[in-house]
Amino acid sequence: TALAIFLSAPSMVSPAAAQDAGMADKVEALLPSLEAYIESGMQAYAAPGLAIGIVVDDELVYAKGFGVRQAGGTDPVTPDTVFQIGSTTKAFLGTAMAILVDRGAMRWDDRVVDLFPSFQLYDPWVTREFRMFDLLAQRSGMQPYVNDIMTVLGYDADALFRSLRSAKPVSSFRSTFGYVNIPHLLAGRIVAGLEGLPGWSDVAQREILDPLGMTETSFTAEAIEAAANHAVGHSWTPAGVSAIPFDPSFPYALAFDREADVYDKSFNALAAASAAFAADGRIKDAIFSNIVVSSKDSSVSFALTAALDPKL
């Protein structure tokens with residue numbers, strides 16, 4: 001479980017002017033109530049531990065860990081603790097795709113069948129009209145989480161792709177939000193193919209992580225388990241919270257999942273802001289709730305992203 005916070009001055013105010021206006025003092029004044037809120041939330045949701053970072057005007061001004069890395073343990077969470085970040089990984093995939101668009105390697109409105117000829121959905125017209133941006137848009141018309149269970153049953157990515165041709169739509173194309181994962185997996189396959197690399201994570205490594213120096217960020221269950229300072233996932237039941245092992249079949253098989261620490265997360269936040277993507281990068285296996293709060297004088301605003309283990 002983790003939580004990340006980003007603060008910024010209004011866009012028309014320069015960083016120097018914002019600092020001169022006392023932005024740093026406002027952040028400092030916020031911390032006691034923020035930390036109390038975090039501790040209260042941890043109790044309410046039985047979260048063993050979390051880490052947060054606050055970025056002001058492109059600078060990490062606060063980083064702190066709360067609680068422990070595993071329920072029942074004593075190892076504390078620190079800003080260096082590596083968490084899984086689950087579907088926040090999709091922002092990195094979107095950023096990688098945007099880089100390819102900027103370079104002319106693909107277009108957002110390219111038909112998926114032109115780049116992946118075996119692509120087929122239940123409806124022939126939707127198959128023809130499905131564009132690259134539709135892979136990310138969560139408006140496919142398919143049942144939410146369609147066929148995700150196949151990863152747990154051991155089916156590979158190609159089988160997941162083929163399964164979509166039998167997935168009856170539950171709403172009309174582009175009319176309704178419906179959260180799905182397999183189209184993102186397909187987008188990753190296309191990105192990797194366009195760049196001639198084994199996986200889209202290799203593209204993200206080359207284009208995002210390496211340039212930003214995000215050395216603590218990785219893409220596999222084995223990598224996070226090997227990290228000396230890592231948090232584990234937990235499941236909740238009425239009897240309490242218990243740790244669960246890392247499993248490469250989920251979520252890694254669906255999203256080439258990532259893990260990172262608060263410091264990598266901060267660099268990621270800066271890159272995401274520049275690319276107009278809300279990529280975080282510290283949390284993991286998470287369900288996110290986004291809350292935007294503004295002060296009365298509108299001089300400070302921040303987005304609060306709270307994460308709960310998906311097993312809850």
_Please list all pairs meeting salt bridge (Lys or Arg N to Asp or Glu O under 4.0 Å) that have one or both residues in residues 30-54, counting only residues at least two apart or in different chains._
Glu35-Lys64

*asked:* Taking Ala91's backbone N and O only, do any of them form a donor-acceptor pair with Thr95's side chain (distance below 3.5 Å, no angle check)?
replied: yes

*Same hydrophobic cluster for Phe130 and Trp125, using side-chain heavy-atom links shorter than 4.5 Å among ILVMFWY?*
yes

*Output every pair passing salt bridge (Lys or Arg N to Asp or Glu O under 4.0 Å) with a member in residues 225-242, not counting sequence neighbours, ordered by first then second residue.*
none

_From CG (Asp25) to CG (Leu30), nearest 0.5 Å_ = 12.5 Å

*Starting at CG of Leu160, measure out to OH of Tyr155 and round the result to the nearest 0.5 Å.*
10.0 Å

*Starting from the C-alpha separation in whole Å, work towards a yes-or-no answer on side-chain contact (heavy atoms from CB on, under 4.5 Å) for Leu121 and Met142.*
CA-CA 9 Å; Leu121 299 177; Met142 290 183 283; 4.2 Å; yes

*asked:* So, taking the atom named CG in Leu100 and the one named CG in Asp102, what distance separates them when rounded to the nearest 0.5 Å?
replied: 9.0 Å

*Answer yes or no: is there a side-chain heavy-atom contact under 4.5 Å between Ile208 and Ile99?*
yes

*Given the rule in the side-chain contact (heavy atoms from CB on, under 4.5 Å) test, do Phe219 and Thr89 qualify, once you have shown the distances and angles that lead to the verdict?*
CA-CA 9 Å; Phe219 294 89; Thr89 304; 5.6 Å; no

_Is there a side-chain contact between Leu50 and Tyr45 in this structure, where contact means two heavy atoms from C-beta onward sitting under 4.5 Å apart?_
no

*Heavy-atom distance under 4.5 Å between the side chains of Glu216 and His230, does that happen here?*
no

*Taking only residues two or more places apart in sequence, or in another chain, which ones meet Arg174 in a side-chain contact (heavy atoms from CB on, under 4.5 Å)?*
Arg131, Phe133, Asp134, Arg139

*Is Phe173 reachable from Val170 through a run of hydrophobic residues whose side-chain heavy atoms are each under 4.5 Å from the next?*
no

*Treating Ile, Leu, Val, Met, Phe, Trp and Tyr as nodes and any side-chain heavy-atom pair under 4.5 angstrom as an edge, say whether Val77 and Val68 lie in one connected cluster.*
no

_Assess the residue pair Asp114 and Arg107 against the criterion (salt bridge (Lys or Arg N to Asp or Glu O under 4.0 Å)); give the C-alpha distance rounded to whole Å, side-chain angles, the decisive distance to 0.1 Å, and a yes or no._
CA-CA 11 Å; Asp114 291 338; Arg107 297 178 304 172; over 6 Å; no

*Is the shortest heavy-atom distance from the side chain of Leu135 to the side chain of Ile190 under 4.5 Å?*
yes

_Which heavy atom of Ala227 sits nearest to which heavy atom of Val82, and what is that distance?_
CB-CG2, 4.4 Å

_If you compare all heavy atoms of Ala98 against all heavy atoms of Trp108, which two are closest, and at what distance to 0.1 Å?_
CA-CZ2, 3.7 Å

*Check against side-chain contact (heavy atoms from CB on, under 4.5 Å), Leu164 and Gln120*: CA-CA 7 Å; Leu164 296 183; Gln120 182 181 340; over 6 Å; no

*asked:* As a quick check of understanding, evaluate side-chain contact (heavy atoms from CB on, under 4.5 Å) for Leu197 and Arg206, giving each step before the final call.
replied: CA-CA 11 Å; Leu197 293 171; Arg206 183 189 70 193; 3.8 Å; yes

*What's the shortest heavy-atom distance between Leu60 and Gly53, and which atoms?*
CD1-CA, 4.1 Å

*Is the backbone of Ala71 close enough, under 3.5 Å, to the side chain of His234 for a donor and an acceptor to pair up by distance?*
yes

*What heavy-atom pair brings Ala228 and Arg69 nearest, and what distance separates the two atoms?*
O-NH2, 3.4 Å

_Tell me the closest heavy-atom pair linking Ile182 and Val146, and the distance in Å._
CD1-O, 3.3 Å

_Separation of Leu209 CG from Thr215 OG1 (nearest 0.5 Å)_ = 9.0 Å

_Show the nearest heavy-atom pair for residues Ala157 and Leu185, with the distance to one decimal._
CB-CD2, 3.8 Å

*In the single-linkage hydrophobic clustering (I, L, V, M, F, W, Y; side-chain heavy atoms under 4.5 Å), do Val112 and Tyr122 co-cluster?*
no

_Nearest 0.5 angstrom please: Met42 CE to Tyr37 OH, how far?_
13.5 Å

*asked:* Any non-hydrogen side-chain atom of Ile52 less than 4.5 Å from a side-chain atom of Leu34?
replied: yes

*asked:* So, taking the atom named CD1 in Ile244 and the one named CD in Gln70, what distance separates them when rounded to the nearest 0.5 Å?
replied: 10.5 Å

*asked:* Using the ring centroid of each side chain, check whether Tyr145 and Tyr179 are separated by less than 6.0 Å.
replied: yes

*asked:* Checking side-chain polar atoms at under 3.5 Å, does Asn229 have a donor or acceptor matched by the opposite partner on Asp80?
replied: no

*Compare all side-chain heavy atoms of Glu129 with those of Asp123 and state whether any distance is below 4.5 angstrom.*
no

*Using a 4.5 Å cut-off on heavy atoms from C-beta on, say whether the side chain of Thr78 contacts that of Thr81.*
yes

*asked:* Could you check whether any side-chain heavy atom of Ile85 comes within less than 4.5 Å of a side-chain heavy atom of Phe92, counting everything from C-beta outward?
replied: yes

*So Phe161 and Phe116, would you call those rings parallel, tilted or perpendicular, with 30° and 60° as cut-offs?*
perpendicular

